Amino acid sequence: MKSTIQLFTADSAPADAAGTLTLPNDADPRTVPLDGVHTVVLQFPAFTDGRAFSQAFLLRRRLGFSGHIRAIGDVLIDQLQQMQRSGFTQAVLRGDQSIEHGQKLLAQYDTFYQGDAVDVKPHFAAA
């Protein structure tokens with residue numbers, strides 16, 4: 001079973017500290033030094049702006065980043081499954097979103113047939 005994304009509200013989110021890098025959603029993660037970085041914060045300025053999904057995928061698959069990738073901004077529970085599959089490990093939900101409902105949605109599917117940023121092999125080849 002896949003590990004699930006840690007969900008937070010704005011007031012319960014981890015504080016940015018040394019080793020945390022916040023990227024604007026138009027930045028290319030391939031151009032940023034990641035030495036000493038343990039958490040990358042990616043921004044969703046609007047629900048309809050999915051550039052942070054591509055950034056997360058690049059961080060995980062192309063750059064091999066193994067730390068936390070945190071989603072902030074206009075983060076809805078509808079996006080959580082795709083965030084998890086793109087490489088996010090943390091999400092700070094928009095104020096009107098329910099952590100409990102988000103956890104239920106994440107628990108609906110524990111495996112997927114096709115590979116993704118986290119589990120590269122397709123389900124039929126994983127065994």
Side-chain angles (χ1 to χ4, degrees):
M1 185 167 142
K2 279 184 184 261
S3 62
T4 189
I5 295 178
Q6 295 174 308
L7 302 180
F8 302 98
T9 59
D11 59 340
S12 71
D16 290 350
T20 300
L21 172 67
T22 299
L23 291 178
N25 71 339
D26 60 352
D28 184 345
R30 296 171 294 186
T31 64
V32 179
L34 296 172
D35 294 334
V37 174
H38 58 74
T39 302
V40 176
V41 178
L42 300 178
Q43 302 172 2
F44 285 85
F47 171 73
T48 56
D49 189 337
R51 291 179 280 183
F53 287 112
S54 298
Q55 290 174 311
F57 188 86
L58 283 171
L59 285 163
R60 286 283 182 238
R61 288 285 295 272
R62 297 243 178 113
L63 302 175
F65 182 72
S66 60
H68 286 294
I69 301 177
R70 182 182 309 146
I72 64 168
D74 196 18
V75 177
L76 306 181
I77 59 173
D78 297 1
Q79 299 168 296
L80 294 176
Q81 202 68 259
Q82 189 61 35
M83 284 180 179
Q84 180 174 297
R85 301 194 71 220
S86 298
F88 285 91
T89 57
Q90 300 176 337
V92 179
L93 299 176
R94 192 173 78 185
D96 63 343
Q97 301 295 291
S98 164
I99 287 179
E100 294 78 22
H101 192 186
Q103 290 168 333
K104 286 179 185 176
L105 289 174
L106 284 169
Q108 282 186 320
Y109 302 100
D110 63 355
T111 190
F112 296 93
Y113 187 75
Q114 69 276 35
D116 56 36
V118 179
D119 295 320
V120 180
K121 289 185 177 182
H123 185 66
F124 67 84

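When reading the values below, keep in mind they use all heavy atoms of this one structure, side chains included, and skip hydrogens, waters and symmetry mates. Since the model is a prediction, treat every value here as computed from it, not as a measurement.
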_Approximate separation, where rounding is to 0.5 Å, of Q82 CD and F57 CZ_ = 10.0 Å
*Does L23 reach the side chain of P29, with side-chain heavy atoms less than 4.5 Å apart?*
yes
*Heavy atoms only: give me the nearest A91-M83 pair and the separation to one decimal.*
CB-SD, 4.3 Å
*Could you state the interatomic distance from OG (S86) to CD (Q55), rounded to the nearest 0.5 Å?*
11.5 Å
_Would you say that P14 contacts H68 through its side chain, given a criterion of any heavy-atom pair below 4.5 Å between the two side chains?_
no
*For the residue pair F65 and T39, what are the closest heavy atoms and their distance?*
CZ-N, 4.1 Å
*Considering residues, nucleotides and ligands other than D35, do more than 12 of their heavy atoms fall under 6.0 Å from its CG?*
no
*Would you confirm whether S12, through its side chain, and F8, through its main-chain N or O, come within 3.5 Å as a donor-acceptor pair?*
no
_Donor-acceptor under 3.5 Å (Q97 side chain, G102 main chain)_ = no
*Going through the distances and angles, do V92 and V75 end up as a side-chain contact (heavy atoms from CB on, under 4.5 Å)?*
CA-CA 7 Å; V92 179; V75 177; 5.9 Å; no
*Could you go through the side-chain contact (heavy atoms from CB on, under 4.5 Å) check for L105 and Q81 one step at a time?*
CA-CA 8 Å; L105 289 174; Q81 202 68 259; 5.8 Å; no
*Check the angle between the aromatic planes of F88 and F44 and answer parallel, tilted or perpendicular using the 30° and 60° thresholds.*
tilted
*Quick one: do I77 and F47 end up in the same hydrophobic cluster if we chain Ile, Leu, Val, Met, Phe, Trp and Tyr together by side-chain heavy atoms under 4.5 Å apart?*
no
*Distance in Å, L93 CG paired with I99 CD1, rounded so as to fall on 0.5 Å steps*: 5.5 Å
*Side chain to side chain, L7 and Q103, heavy atoms closer than 4.5 Å*: yes
*Mark yes or no for whether Q43, through its side chain, and D26, through its backbone, hold a donor-acceptor pair below 3.5 Å.*
no
*For residues R70 and V40, determine if any side-chain heavy atom of one lies less than 4.5 Å from a side-chain heavy atom of the other.*
no
_Tell me if a side-chain donor or acceptor on T89 pairs with a main-chain N or O of I69 at a distance below 3.5 Å._
yes
_According to a hydrophobic-cluster definition based on side-chain heavy atoms being under 4.5 Å apart (Ile, Leu, Val, Met, Phe, Trp, Tyr only), do I72 and L106 belong together?_
no
_Among T22, N25, L59, which residue satisfies the side chain to side chain contact (heavy atoms under 4.5 Å, CB included) criterion with L42?_
L59
*Can any side-chain N or O of D74 pair as donor or acceptor with the backbone N or O of A46 at less than 3.5 Å?*
no
*Working to the nearest 0.5 Å, report the span between NE2 of H38 and CG of L21.*
10.5 Å
_Least distance between heavy atoms, V41 atom then D16 atom_ = CG2-OD1, 4.1 Å
